[in-house]
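Throughout, protein chains are lettered first and strands after them, A, B, ... in sequence-line order, and every chain is numbered starting at 1.
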Amino acid sequence: MYLVEYLLLAAALFSIGVYGVLARKNGVLVLMSIELMLNAVNINLIAFGAFRGNAIGQVFALFVIAVAAAEVGVGMAIVLLIFRNRASVNLDEVDLMRG
Amino acid sequence: MLDHAWLIPAIPAVMFWLILGFGKRLPGKGHELGIAGVGASFVLSCVAAVQWIGRSTDVTIGEGAHVEHVRKAVEHSTTWFDIGNVHIRVGTYIDGLSVALLVVVGLISLLVHVYSTAYMHDDRRYTHYFAALSLFTAGMLTLVSASSALQMLFGWEAMGVCSFMLIGHWWEEKENSNAALKAFLTTRTGDVGFLIGLSILFFANGQTFDVRVWNANALGGHVSHLVLLMGAIALMGAVVGKSAQFPLHTWLPDAMAGPTPVSALIHAATMVVAGVFLFSRLYGVFFTGFSIAAPGHGTFTVPAVIGGITIIIAALLAFVQDDIKKVLAYSTVSQLGYMVMALGVGAWTGAIFHLFTHAFFKACLFLGAGSVSHSGSHHSFDMKRDMGGLRKHMPITFATFGIASLALAGIFPLAGFWSKDDILVTAGHNGYELFMVVGLIGAFMTAAYMTRCVWLTFYGEPRGAAAEHHPHESPAAITAPLVILAFLSITAGWLNGFGFHYFGHWTTNETLVHALERVNLVEPRFSFPAAIISLAVAGSGILLAWLYFEKRALGPLQDLAARNALAARLKLVLVRKYYLDDLYEKVIVAGIAGPIARGAYWFNQTVIDGVVNGAGVGAKAAGHIVYDIIDQKVVDGAINGAGFTAEEGGTLLRIIQTGRVQQYAAALFGAAALFGLALVFFVGT
Amino acid sequence: MIAQQIAFGILAATMVLASLRLVTTKNVVHAGLLLAVVLGGAAGIFVLLAAEYVAVVQILVYIGAVVVILLFGTMLTRARIGEDTDLDNDQRWLAAIVALFMLGVTGTVLWQGFRHAGGDGKVHLNGVQRAAQVSDLIFGPYGIPFEVASVLLLAALVGAVAIARRD
Amino acid sequence: MHALLAVASSFTGPRLDYHALAPEIILTATLVLVLLADLVLEERNQWLISNLAGIGVLASVIPIITLAVQNHAARSMAGGAYVVDDFSLVLKALFLGIGYVVLLMSTNYVEEGDYYQGEYYFLLLASLLGMVVMASARDLITIFVALETLSIPAYMLAGWRKRDLKSNEAAIKYYLLGVLASAVMLYGMSLVFGYTGSTVLTEIGKQVNGSITHKPVITLGIFFIVIGFAFKVSAVPFHFWAPDTYEGSPTPVTAFLSVASKTAGFVALLELIYVGFLGRNDVWGPMFWVLAALTMTVGNLIALRQTNVVRLLAYSSIAQAGYVLVPFAVAGDNIAARRSSFTAAVVYLMIYAAMNLGAFSVVIAVARKTRSGDISSYGGLFEYAPGLTVAMTVFLFALAGIPPAGGWFAKLMVFRAVLDSGTTWAVVLGVIAGVNSVIALYYYAAVAREMWMSPVPDGDVTPVRVPAPLLASLGLTGLVVMAIGVYPQLFAHFGDLGTLVR
């Protein structure tokens with residue numbers, strides 16, 4: 001198995017995540033896209049860890065998973081908050097402040 | 001006192017806080033503290049002066065015919081802060097120059113304080129006014145006694161802030177607050193030069209701010225000439241801004257919006273001379289940097305040119321002013337031009353001496369103008385509308401104003417004669433004949449416009465307020481300072497006149513002697529032919545103006561502006577102050593700052609979003625075409641151009657909205673990818 | 001090795017296709033399920049790389065918790081179950097350009113940098129660390145960030161409740 | 001089973017230096033206590049919570065002082081991943097000081113508004129803990145966890161005015177961009193880890209400075225990591241969130257974000273650049289140059305057009321971050337510049353903290369009466385609140401860099417770094433900074449003019465009642481600003497922390 005295969009897979013997932021974050025208007029879908037990006041990072045970390053023959057990559061990945069869980073929880077709470085006040089989760093309508 | 005000179009600025013600084021804290025609870029609402037503080041400073045300054053004069057002239061410099069005995073400057077400093085291995089020191093550096101300035105500032109400030117108790121009586125911000133005066137005085141005293149250039153910056157900026165508060169003291173009128181802001185910002189523009197100059201010289205002199213070291217290194221040739229030139233040019237910016245030299249002189253006449261005693265303090269005797277002081281304190285730097293020591297006929301230096309231009313253009317402007325304080329303001333600008341020009345032609349003593357004498361008669365004139373408006377013209381400063389014939393009602397004011405005017409005009413044997421003469425003779429002697437001529441023209445104009453001013457105010461028929469309200473003499477708190485200043489306007493010149501040269505001996509210092517020594521410049525002695533020429537010039541100025549106004553003579557010139565289009569045009573140019581303000585406000589501020597700001601805003605709003613949206617719209621349009629072709633729905637798409645239906649038109653409009661988080665995100669990723677590519681490409685190769 | 005290569009190929013293809021569908025589907029609930037597929041695929045990748053502990057955590061935390069949170073969120077925000085036309089904004093093309101550009105930059109750099117990494121560019125699994133070593137690291141050198149992360153999770157929990165609570 | 005036991009017995013727990021960790025431990029204990037107190041206390045006793053938090057923060061400073069006076073060599077834990085040295089002690093003290101001032105600013109704001117009090121302080125302390133940890137972190141994982149610990153509570157605090165649409169908007173913008181920036185940063189970290197096989201910065205430093213020189217992977221990795229913090233310090237073009245978030249958040253939170261969170265970002269950058277990536281100034285030198293130039297210029301120019309004082313301060317703080325980025329841009333040029341840049345950055349951060357917190361204290365105090373953030377509502381402030389006016393003037397002039405208020409010293413240090421470098425590019429950057437500090441004067445002076453020289457807009461001149469905690473925060477910050485300005489020696493030494501500079 002070639003290291004670069006994993007890295008390219010991760011790069012592809014990361015870029016797809018970027019697309020989703022930029023193109024999706026629904027807040028929940030944006031959060032899902034963010035998870036794609038973080039997951040790409042994890043694949044990188046595990047692959048590099050295996051390549052380097054140490055467990056630090058795995059440890060790093062575990063921290064990323066834990067933090068990502070916290071992030072998605074907080075993000076969901078904020079999206080809910082916005083939904084409650086606006087009855088919508090469309091992010092492109094959130095533009096009271098500008099300039 | 002020379003060893004404890006730090007007390008002199010410290011006392012008014014402490015008084016500032018005391019007035020702020022307790023001023024309102026005192027019976028006099030705070031002026032007691034201000035007067036006590038400045039009075040103490042003045043007394044201490046006088047003690048310092050006596051000690052300085054009594055100090056033995058134990059430093060011998062030069063040889064042969066040029067041997068000079070000078071007093072050693074008293075320097076005390078302590079470490080202020082360290083950055084790395086560099087110790088920045090703070091302290092006092094007292095020599096003849098500092099002592100002269102300390103005495104002048106202390107005296108003028110004290111008189112202004114006393115005068116203000118009457119003039120500002122019942123003002124709503126009386127206490128704050130005195131607090132600001134104290135801080136202002138402390139700033140100037142800090143500046144003149146500082147041993148480090150960084151410390152000078154502190155005094156310099158403190159004065160800037162105080163002048164902002166004092167000029168805008170009556171801010172209820174928008175005009176006044178605009179004037180305050182203008183003064184602050186204009187001088188700050190010059191201050192950038194100060195900061196740059198400080199940085200350059202700090203590093204050029206081995207990371208020190210010590211002014212003595214700067215001068216010594218500059219004169220000793222330890223710093224490259226190019227660096228000194230850059231430093232001097234940068235500092236010249238500060239001098240031009242603070243001392244209201246062309247082309248940054250426009251703030252000073254506007255700054256007359258402040259209360260009159262403030263004008264006297266700030267704009268005649270202290271703040272504006274800060275630039276001149278900086279110049280003379282760091283004379284070694286300027287002297288070498290601008291190659292002032294380049295004797296030869298027809299030479300010129302940057303400061304001399306700036307000063308010369310300022311003398312003429314400001315004097316011309318003084319002719320067309322109807323506001324008495326503006327006449328005095330332009331006169332101040334013109335006289336500051338003399339000082340800067342003098343420094344530029346190597347007439348160091350002349351410049352300082354002119355600074356010294358000018359402080360007395362200009363303060364006297366400003367306070368006199370204040371007295372006129374206070375008791376004679378019912379708070380008006382308009383000479384044409386509300387004054388005239390006041391000499392009968394206000395004899396003391398008239399007499400003192402007249403004396404000060406004659407002193408300013410340079411009439412023998414009053415103060416201005418000696419100092420101006422000193423400058424002109426030195427300029428001629430040092431090979432700067434052109435500037436001697438400029439100075440003579442300026443002297444003629446000075447005499448003429450001051451005659452116009454005196455005539456309009458005190459002679460002729462009473463007009464407007466001077467006729468309607470009963471003019472009377474001002475109270476003693478106002479006239480007493482006038483009398484003192486008038487007395488000094490008569491006598492101060494003798495310190496360096498009649499062949500005495502006390503002033504020159506007292507103020508001369510190592511820097512100066514070194515500078516002159518190196519190039520064989522000598523401070524020339526009094527010269528009769530020159531004196532007679534300058535007296536004749538000044539006298540003819542007075543005479544012509546007198547004939548024009550009193551005798552209505554010089555027929556062809558009377559009301560020339562009303563009859564001749566060219567003259568009218570020229571007068572308009574003067575009235576509009578050479579359109580410099582228009583240049584600054586309409587062209588520079590509105591034309592550059594505005595569009596830049598708008599441009600940046602527009603860039604933020606339009607370009608960034610526009611790129612985002614444009615890319616989106618463009619790509620979307622392209623996508624539609626492709627899609628349509630692939631799906632063979634050509635008809636629909638082709639007819640509607642790029643496939644814009646009405647709905648998409650609406651989308652287009654809505655796209656212009658901003659504040660959208662995902663556009664921000666697109667900028668984040670776009671910048672990340674672009675920067676990343678650039679870095680990988682440039683660094684990686 | 002061939003088997004692993006094939007498994008990787010299948011997993012990678014599934015993940016890329018599922019994630020592409022995830023960012024384009026018009027059905028929010030489908031998106032949630034697709035996310036579960038991608039994350040499950042990632043767990044498979046971890047197993048291939050002999051990081052079975054992380055794979056288990058991935059399934060427990062991600063699929064068990066994160067996806068569930070997101071699906072709950074979908075329902076709480078009353079997304080339509082089924083087709084929904086209004087899920088994308090108007091910068092789809094810009095997004096695609098930026099994403100492709102990103103992929104181009106990272107892909108090129110990675111390809112150049114790791115094509116021949118370690119000589120043959122292959123991942124050798126014989127030296128791979130097992131769960132015990134992972135725990136030794138977490139409770140050893142990485143003890144401080146671990147404790148801090150616990151505060152982080154507590155803060156996220158408390159804060160999210162306070163923010164999302166109806167009051 | 002035996003195998004498992006064997007594994008377990010071979011495990012040796014980490015050796016922790018409890019004295020060195022005491023600030024973190026006390027802070028953690030405090031935040032748990034605050035949470036418990038919130039559950040236990042009745043509504044009318046809720047005011048106790050802010051006091052409890054304040055005492056906890058101050059108590060955490062005590063071990064810092066004891067550690068500092070011991071003059072111990074750097075205490076390194078976990079193989080160099082967590083270091084308590086002079087640098088981290090000074091920065092921890094700074095963070096705790098900022099935290100305490102923000103607590104003072106928050107007390108009445110949170111009490112009088114309709115907010116969850118206990119949770120507010122809990123999250124504030126959690127975020128503070130992240131910053132304190134950041135000051136010691138010398139390892140990618142620890143930096144990452146610290147960054148998230150300081151950020152995630154802040155996302156929620158930004159949205160703490162739950163019914164206010166602007167506050168919601170502030171939260172979602174901050175959250176989304178923050179998470180994206182940290183995703184990019186993580187990607188960069190994974191690349192750096194992949195290339196060096198380590199997460200400890202000293203180890204990375206050895207490898208980066210050694211064999212690998214011109215490798216695009218490490219270039220991209222460093223760049224992506226820096227983006228994460230460029231976002232945190234709101235450097236242009238990663239600044240878009242800042243004005244919106246600052247405007248929408250509760251004002252004490254805005255102060256916290258614009259000072260503490262920004263400082264934390266710079267602290268992380270200092271650690272990364274000076275310990276990890278020192279050898280690769282060919283990557284970060286030009287990058288910081290561009291970021292600094294853009295940040296100063298764009299921040300200042302847009303600030304000129306603002307009418308809301310919080311938004312003005314937001315753009316002003318973007319511009320201030322630009323000045324702090326200047327030393328980063330020149331740090332790699334030579335050894336002298338490396339040292340003076342470090343000092344300049346640290347000193348700038350300390351002074352910036354005092355002056356910006358002070359300005360926000362005044363904004364909060366004034367808003368108690370005017371209920372408005374418009375600059376025009378500051379008209380004639382001098383008439384009815386002379387003390388606040390003087391204080392605000394001092395802070396504004398400090399921000400503009402006019403002596404004797406403190407900011408001049410910070411700018412002096414920056415220019416010194418530029419001149420120490422002395423390269424053409426550095427001087428050009430210095431000139432840009434100089435021009436910008438002139439531009440900045442215009443909008444600072446405009447606010448000052450409004451306060452001193454405009455009429456009161458509605459003619460209401462009842463005095464502003466400033467509650468004691470807010471007064472304390474004003475006094476503290478004002479004192480520090482003036483003290484630094486008049487006697488910089490007080491703070492100059494804090495910048496001479498050679499520990500990170502090799």
Side-chain angles (χ1 to χ4, degrees), chain A residues 1-9 11-20 22-29 31-33 35-36 39 42-43 46-47 49-51 53-56 58-59 61-63 65-70 72-74 76-81 83-84 89-92, chain C residues 4-5 8 12 16 19-20 22-23 28 31 35 38-39 42 45-46 49-51 54 57-58 61 65-66 69-70 73-74 76-77 87-89 91-92 95-96 98-99 102-103 106-107 110-111 114-115 117 121-123 125 127-129 133-134 137-138 142 149 152-153 156 159-160 163-164:
Chain A
M1 289 182 301
Y2 292 94
L3 173 63
V4 75
E5 291 172 349
Y6 293 92
L7 303 183
L8 290 180
L9 170 65
L13 288 181
F14 193 84
S15 303
I16 293 169
V18 169
Y19 171 82
L22 299 186
R24 293 302 222 177
K25 153 192 310 194
N26 182 302
V28 181
L29 290 177
L31 292 180
M32 292 181 184
S33 305
E35 293 309 312
L36 278 185
N39 215 57
N42 277 348
I43 293 176
I46 301 283
F51 178 68
N54 65 28
I56 297 175
Q58 295 189 35
V59 174
L62 287 172
F63 276 105
I65 290 174
V67 169
V72 81
V74 169
M76 207 59 240
I78 295 174
V79 169
L80 274 179
L81 182 65
F83 176 77
R84 193 163 294 143
V89 288
N90 287 349
L91 293 181
D92 55 355
Chain C
Q4 285 179 350
Q5 194 68 53
F8 173 79
V16 170
S19 53
L20 276 175
L22 161 60
V23 295
V28 186
L35 181 64
V38 179
L39 298 175
I45 297 278
F46 297 162
L49 290 166
V54 183
V57 173
Q58 169 92 355
V61 174
V66 172
I69 289 180
L70 289 170
T74 308
L76 281 173
T77 56
L87 293 177
D88 286 355
N89 60 27
Q91 55 177 13
R92 268 210 309 264
V98 170
M102 198 87 186
L103 180 63
T106 51
L110 290 170
W111 177 252
F114 293 104
R115 196 173 18 158
K122 288 190 177 176
V123 185
L125 293 183
V128 157
Q129 315 287 306
Q133 274 99 344
V134 173
L137 277 177
I138 287 183
Y142 294 105
L152 164 65
L153 287 171
I163 280 275

Answer yes or no: is there a side-chain heavy-atom contact under 4.5 Å between [X] and [Y]?
X       : Y        : value
A:Leu9  : C:Ile45  : yes
A:Ile56 : C:Tyr142 : yes
A:Tyr19 : C:Val98  : no
A:Ile65 : C:Val54  : yes

**OP:** Kindly say whether the aromatic ring centers of A:Tyr6 and C:Phe8 come within a distance under 6.0 Å.
**Re:**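 Yes, they do, as the ring centres are separated by less than 6.0 Å.
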Working to the nearest 0.5 angstrom, can you tell me the gap between [X] [atom1] and [Y] [atom2]?
X        : Y        : atom1 : atom2 : result
A:Asn54  : C:Leu137 : CG    : CG    : 8.0 Å
A:Ile16  : C:Leu20  : CD1   : CG    : 4.0 Å
A:Leu36  : C:Ser19  : CG    : OG    : 5.5 Å
C:Phe114 : A:Glu5   : CZ    : CD    : 14.5 Å
A:Arg24  : C:Arg92  : CZ    : CZ    : 9.0 Å

Closest contact, heavy atoms only, [X] versus [Y]:
X        : Y       : result
C:Ala160 : A:Ala77 : O-CB, 3.7 Å
C:Gln58  : A:Asn39 : NE2-OD1, 3.1 Å
C:Leu110 : A:Val4  : O-CG2, 3.9 Å
A:Gly73  : C:Ile69 : CA-CD1, 4.5 Å
C:Val28  : A:Met32 : O-CE, 4.2 Å
C:Leu70  : A:Val28 : O-CG1, 3.9 Å

**OP:** Would you mind telling me which of A:Ile43, A:Leu22, A:Leu81, A:Val18 has the largest number of heavy-atom pairs within less than 4.5 Å of chain C?
**Re:**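 Answer, by heavy-atom pair count under 4.5 Å with chain C: A:Leu22.
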Original post:
Can you tell which of A:Val79, A:Leu91, A:Leu31, A:Leu29 has the highest number of heavy-atom pairs within less than 4.5 Å of chain C?
Top reply: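 Going by pairs under 4.5 Å, I would pick A:Leu29.
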**OP:** Below 4.5 Å from any heavy atom of chain A, which atoms of C:Val16 appear? Answer side chain, backbone, both or neither.
**Re:**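 Both parts, backbone and side chain.
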**OP:** Examine whether an atom of C:Leu35 lies under 4.5 Å from a heavy atom of chain A, and if so say whether it belongs to the side chain, the backbone or both; otherwise answer neither.
**Re:**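 The answer is the side chain of C:Leu35.
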**OP:** Would you mind checking which part of A:Leu7 comes under 4.5 Å of any heavy atom in chain C, side chain (CB onward), backbone (N, CA, C, O), both or neither?
**Re:**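 Both parts, backbone and side chain.
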Original post:
What part of A:Ile46 lies closer than 4.5 angstrom to a heavy atom of chain C: side chain, backbone, both or neither?
Top reply: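 Both backbone and side chain.
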Original post:
Given C:Leu49 and A:Phe51, is the side chain to side chain contact (heavy atoms under 4.5 Å, CB included) satisfied, shown in steps?
Top reply: CA-CA 9 Å; C:Leu49 290 166; A:Phe51 178 68; over 6 Å; no
Original post:
When you check the side-chain N and O atoms of A:Gln58 and C:Gln133, is any donor under 3.5 Å from an acceptor?
Top reply: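 Absent: no donor and acceptor within the cut-off.
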**OP:** For A:Arg84 and C:Ala164, indicate whether the former's side chain and the latter's backbone hold a donor-acceptor pair under 3.5 Å.
**Re:**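 Between the backbone of C:Ala164 and the side chain of A:Arg84 there is a qualifying donor-acceptor contact (under 3.5 Å).
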**OP:** Kindly indicate, with the supporting measurements, whether the criterion side chain to side chain contact (heavy atoms under 4.5 Å, CB included) is fulfilled by A:Leu8 and C:Trp111.
**Re:** CA-CA 8 Å; A:Leu8 290 180; C:Trp111 177 252; 4.0 Å; yes
